[in-house]
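Below is one structure, written out as structure tokens, with a few remarks after it.
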Amino acid sequence: MRVDTATPSDESGVFAVIAWLGAIFLGGWLAWCAYFQLAGVPVDAEITSLREVQHRSRRGQKMAYTYGVVRYADQTGEMHTDEVELYGHPVVGRKTTVRYLPSRPDDCRRDDFWGIWGLAVMISGFFALFLGLIWIGKWARRNRDEPRNPFQPTSS
């Protein structure tokens, strides 16, 4: 009876495929963020209404997220509304800056780092950290498991 086990080269191949697929996906997402930042049109928007959503964290603490409906005019003067997450102490009637693509004026994002880049950068960082830790573990295991040549001079 033969039992197939994964060889180190098989594990390296799976690791490489996951790394490349993740890099392609996250690279595309970051490219979209860059396109949105460069091609998007910044406009002033007025907060027309607020909605607060309560969540419980794992520790039982309440967390509140505030979403606001914003109204803004595109380049042609047509009015649009969209809902965005707001930080700080938003007030109905206050102005905020949003950014939209001319090809999709109904979809906007807050015109700041967290509104455009935040989630993509955080997930890319966690992915890179995760892959780095796996790579360091594989490197340490490979160095530990390699047989030493007792006749090879050691470097000092």
Side-chain angles (χ1 to χ4, degrees), residues 1-45 47 50-70 72 74 80 82-90 96-156:
M1 181 172 177
R2 182 175 173 204
V3 177
D4 290 331
T5 59
T7 63
S9 62
D10 291 342
E11 291 175 2
S12 296
V14 171
F15 178 73
V17 167
I18 290 172
W20 276 108
L21 289 176
I24 290 169
F25 171 76
L26 293 171
W29 191 3
L30 291 171
W32 180 87
C33 291
Y35 174 72
F36 199 90
Q37 181 76 40
L38 296 173
V41 179
V43 295
D44 285 332
I47 301 171
L50 297 173
R51 177 175 64 97
E52 191 169 286
V53 178
Q54 297 281 336
H55 293 285
R56 287 200 182 273
S57 69
R58 292 181 185 177
R59 298 180 186 157
Q61 299 171 343
K62 287 185 179 180
M63 299 181 68
Y65 296 96
T66 304
Y67 296 92
V69 175
V70 295
Y72 58 96
D74 65 8
H80 299 277
D82 199 5
E83 186 175 71
V84 295
E85 186 176 357
L86 300 171
Y87 301 117
H89 302 287
T96 187
T97 305
V98 297
R99 188 176 288 263
Y100 70 91
L101 291 174
S103 61
R104 296 179 52 182
D106 290 333
D107 186 23
C108 72
R109 304 279 186 267
R110 280 180 301 109
D111 190 24
D112 61 0
F113 177 81
W114 290 110
I116 296 173
W117 294 91
L119 187 60
V121 169
M122 282 191 332
I123 290 177
S124 298
F126 285 130
F127 183 74
L129 178 66
F130 180 70
L131 286 181
L133 291 174
I134 290 174
W135 182 79
I136 288 171
K138 289 172 72 70
W139 177 77
R141 190 175 332 123
R142 183 180 61 224
N143 284 344
R144 184 185 67 219
D145 294 343
E146 284 182 359
R148 304 270 185 225
N149 184 354
F151 300 108
Q152 183 178 9
T154 59
S155 59
S156 299

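Here the structure is a predicted model, which is why all the values come from computation and not from measurement. Just so it is clear, the values below take in all heavy atoms, side chains as well, and ignore hydrogens, waters and symmetry mates.
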Assess the residue pair V84 and R109 against the criterion (side chain to side chain contact (heavy atoms under 4.5 Å, CB included)); give the C-alpha distance rounded to whole Å, side-chain angles, the decisive distance to 0.1 Å, and a yes or no. CA-CA 7 Å; V84 295; R109 304 279 186 267; 5.9 Å; no
Straight-line distance of L119 CG to C33 SG, nearest 0.5 Å: 8.5 Å
Report yes if the side chains of L50 and Y67 come closer than 4.5 Å at any heavy-atom pair, otherwise no. no
Short question: side chain of R99, backbone of G40 - any donor-acceptor pair under 3.5 Å? yes
Look at the aromatic rings of W135 and W139 and report parallel, tilted or perpendicular, splitting at 30° and 60°. parallel
Exercise: identify the closest heavy-atom pair between W117 and L30: CZ3-O, 3.7 Å
Got more than 12 heavy atoms from elsewhere within 6.0 Å of CZ, F126? no
Any side-chain heavy atom of R56 sitting closer than 4.5 Å to one from M63? no
Side chains of L86 and Y65: closer than 4.5 Å at any heavy-atom pair? no
May I ask you to test the I47-V70 pair for a side-chain heavy-atom distance under 4.5 Å? yes
Heavy-atom distance under 4.5 Å between the side chains of V98 and D82, does that happen here? no
Check step by step if side chain to side chain contact (heavy atoms under 4.5 Å, CB included) holds for W114 and M122. CA-CA 10 Å; W114 290 110; M122 282 191 332; 3.8 Å; yes
Would you say that more than 12 heavy atoms from the other residues, nucleotides or ligands in this model lie under 6.0 Å from the OH of Y87, or not? yes
Are the side chain of R110 and the backbone N or O of E85 linked by a donor-acceptor pair below 3.5 Å? yes
Which pair of non-hydrogen atoms, one from A39 and one from P102, has the smallest distance, and what is that distance? O-CD, 3.6 Å
How long is the straight-line distance from CG of L131 back to CD1 of I136, given to the nearest 0.5 Å? 11.0 Å
Is there a side-chain contact between Y35 and L101 (heavy atoms, below 4.5 Å)? yes
Residue pair V53 / R51, side-chain heavy-atom distance below 4.5 Å: yes
Check: Y72 side chain, P42 main-chain N or O, donor-acceptor pair, under 3.5 Å: no
Please report the interatomic distance CD1(I116) to SG(C108), rounded to the nearest 0.5 Å. 10.0 Å
Over 12 foreign heavy atoms within 6.0 Å of NE2, H55: yes
Between Y100 and D107, is there a side-chain heavy-atom distance shorter than 4.5 Å? no
